[in-house]
Amino acid sequence: MYIYLVPSPIPDALAAYPHLTLRSEEHVRLAIESAERLMNIESDDKIAAYEAFDAAGSWTGGGYAVLNNIPVTEDGRNDFEERFKNRARKVEDEPGFVGIRVLRPLKDDTYVVLTLWQSEENFKGWQESQAYSHAHRNRSTSEGLTAQKPTMFPRPSYVTTYTIE
């Protein structure tokens, strides 16, 4: 499965693909989920391209999207992906959870953990839950990847949020 983040307006060639319209205060992006790789659009520098190596839940039905953008060095990719493949999978049981896609970048070094929620309140509820604490319990400890392999993260991660129209 492949995910493409396209600046709005959507090019005519992509209009036939089902997509989510993601709106933030700064801009509008369209998120396309495709079973096949769309090589014809990947060369466009304005389009971010990813392969989902882990996914659960639905792509539709949400009202809020959270993208955790995590830069990872080439040497750190395997460890990073292994950690996510073996994640606690607690988020799937949270109220208001719609879907998750863990995305490997096809054109740069920034992975994206995309979660879809029914509402912003549901996402905030997840952040305050025991399940969130459990899923992130090793983040700042010696067992966490940041402590174990600090050079695998060339820059700090950052979060972007959108309402889904």
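Note that these values count all heavy atoms, side chains included, but never hydrogens, waters or copies made by symmetry. For the single chain, residues carry numbers from 1 onward in sequence order.
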Notebook entry, point to check: Would a hydrophobic clustering, with Ile, Leu, Val, Met, Phe, Trp and Tyr connected at side-chain separations under 4.5 Å, put Val159 with Val72?
Noted result: yes
Margin query: Looking at every heavy atom in both His19 and Thr21, which two are closest together, and how far apart are they?
Written below: CD2-OG1, 4.0 Å
Note to self: Ignoring hydrogens, what is the shortest heavy-atom contact between Leu116 and Ser58? Give both atom names and the distance.
What the structure shows: CD1-O, 3.7 Å
Item checked: Lys/Arg-Asp/Glu bridge criterion (N-O < 4.0 Å) met for Arg101, Glu33 -> yes
Notebook entry, point to check: Any side-chain heavy atom of Thr73 sitting closer than 4.5 Å to one from Thr151?
Noted result: no
Next item on the list: Report yes if some heavy atom in the side chain of Tyr64 is under 4.5 Å from a heavy atom in the side chain of Gln118; otherwise report no.
Entry: no
Margin query: Rounded to the nearest 0.5 Å, what separates atom CG in Leu20 from atom OG1 in Thr163?
Written below: 11.5 Å
Check: Is the gap between the ring centers of Tyr111 and Phe80 under 6.0 Å?
Finding: yes
Note to self: Would you say NZ of Lys85 has more than 12 non-hydrogen atoms from neighbouring residues, nucleotides or ligands within 6.0 angstrom?
What the structure shows: yes
Item checked: For the student: nearest non-hydrogen atoms of Pro71 and Ser157, plus distance -> CD-CA, 3.9 Å
Notebook entry, point to check: So among Arg89, Glu81, Arg104, which one has a side-chain contact (heavy atoms from CB on, under 4.5 Å) with Asp54?
Noted result: Arg89
Checklist line | Close side-chain approach of Ile100 and Phe84, heavy atoms under 4.5 Å | finding: no
Note to self: Is there a side-chain contact between Val91 and Asp93 in this structure, where contact means two heavy atoms from C-beta onward sitting under 4.5 Å apart?
What the structure shows: no
Note to self: Between Asn69 and Tyr158 (side chain of the first, backbone of the second, donor and acceptor by atom type, cut-off under 3.5 Å), is there such a pair?
What the structure shows: yes
Check: Linking I/L/V/M/F/W/Y whenever any side-chain heavy atoms sit under 4.5 Å apart, do Leu106 and Ile47 land together?
Finding: yes
Note to self: Please determine whether a side-chain nitrogen of the Lys or Arg among Glu120 and Lys124 lies less than 4.0 Å from a carboxylate oxygen of the Asp or Glu.
What the structure shows: yes
Checklist line | Within 6.0 angstrom of Glu36 CD, more than 12 heavy atoms from elsewhere | finding: yes
Checklist line | Working for side chain to side chain contact (heavy atoms under 4.5 Å, CB included), residues Val66 and Asn68 | finding: CA-CA 6 Å; Val66 180; Asn68 188 2; 5.5 Å; no
Note to self: Could you tell me if the side chain of Leu67 sits less than 4.5 Å from the side chain of Tyr162, heavy atoms only?
What the structure shows: yes
Notebook entry, point to check: Any Lys/Arg nitrogen of Arg155 or Asp109 sitting under 4.0 Å from an Asp/Glu carboxylate oxygen of the other?
Noted result: yes
Check: Quick one: do Val113 and Val98 end up in the same hydrophobic cluster if we chain Ile, Leu, Val, Met, Phe, Trp and Tyr together by side-chain heavy atoms under 4.5 Å apart?
Finding: no
Notebook entry, point to check: Once you round to the nearest 0.5 Å, how far does CG of Leu38 lie from CG of Leu14?
Noted result: 7.0 Å
Next item on the list: For residues Ile10 and Ile32, determine if any side-chain heavy atom of one lies less than 4.5 Å from a side-chain heavy atom of the other.
Entry: yes
Notebook entry, point to check: Is atom CG of Asn40 surrounded by more than 12 heavy atoms (other residues, nucleotides or ligands) closer than 6.0 Å?
Noted result: yes
Item checked: Heavy-atom donor-acceptor pair, Ser119 side chain to Asn122 backbone, under 3.5 Å -> yes
Margin query: Between Tyr17 and Val6, is there a side-chain heavy-atom distance shorter than 4.5 Å?
Written below: no
Check: What are the two closest non-hydrogen atoms of Ala31 and Leu22, and how far apart are they?
Finding: CB-CD1, 3.9 Å
Next item on the list: State the CD-OH distance between Glu51 and Tyr2, to the nearest 0.5 angstrom.
Entry: 4.0 Å
Margin query: Taking the basic N atoms (NZ, or NE/NH1/NH2) and the acidic carboxylate oxygens, is any pair closer than 4.0 Å for Glu42 and Lys107?
Written below: no
Note to self: Testing the basics here: between Leu30 and Ser8, what is the closest heavy-atom pair and its distance to 0.1 Å?
What the structure shows: CD1-CA, 4.5 Å
Next item on the list: Answer yes if Val28 and Leu5 sit in the same cluster of Ile, Leu, Val, Met, Phe, Trp and Tyr residues linked by side chain heavy atoms under 4.5 Å apart, and no otherwise.
Entry: no
Next item on the list: Assess whether atom CG of Asp44 is packed by more than 12 heavy atoms of other residues, nucleotides or ligands within 6.0 Å.
Entry: yes
Item checked: Spacing of Ser34 atom OG and Met1 atom CE [to the nearest 0.5 Å] -> 10.0 Å
Next item on the list: Measure the spacing between CZ of Phe123 and OG1 of Thr115 and express it to the nearest 0.5 Å.
Entry: 5.5 Å
Note to self: Membership question, hydrophobic clusters at under 4.5 Å side-chain separation (ILVMFWY): are Tyr50 and Tyr4 in the same one?
What the structure shows: no
Next item on the list: Taking the side chain as every heavy atom from C-beta outward, state whether Trp117 and Phe97 have any pair of such atoms under 4.5 Å apart.
Entry: yes
Item checked: Nearest atoms (heavy-atom pairs only) where Gly76 meets Met152 -> O-CE, 3.1 Å
Checklist line | Check against side chain to side chain contact (heavy atoms under 4.5 Å, CB included), Asp79 and Arg83 | finding: CA-CA 6 Å; Asp79 289 331; Arg83 182 63 61 109; over 6 Å; no
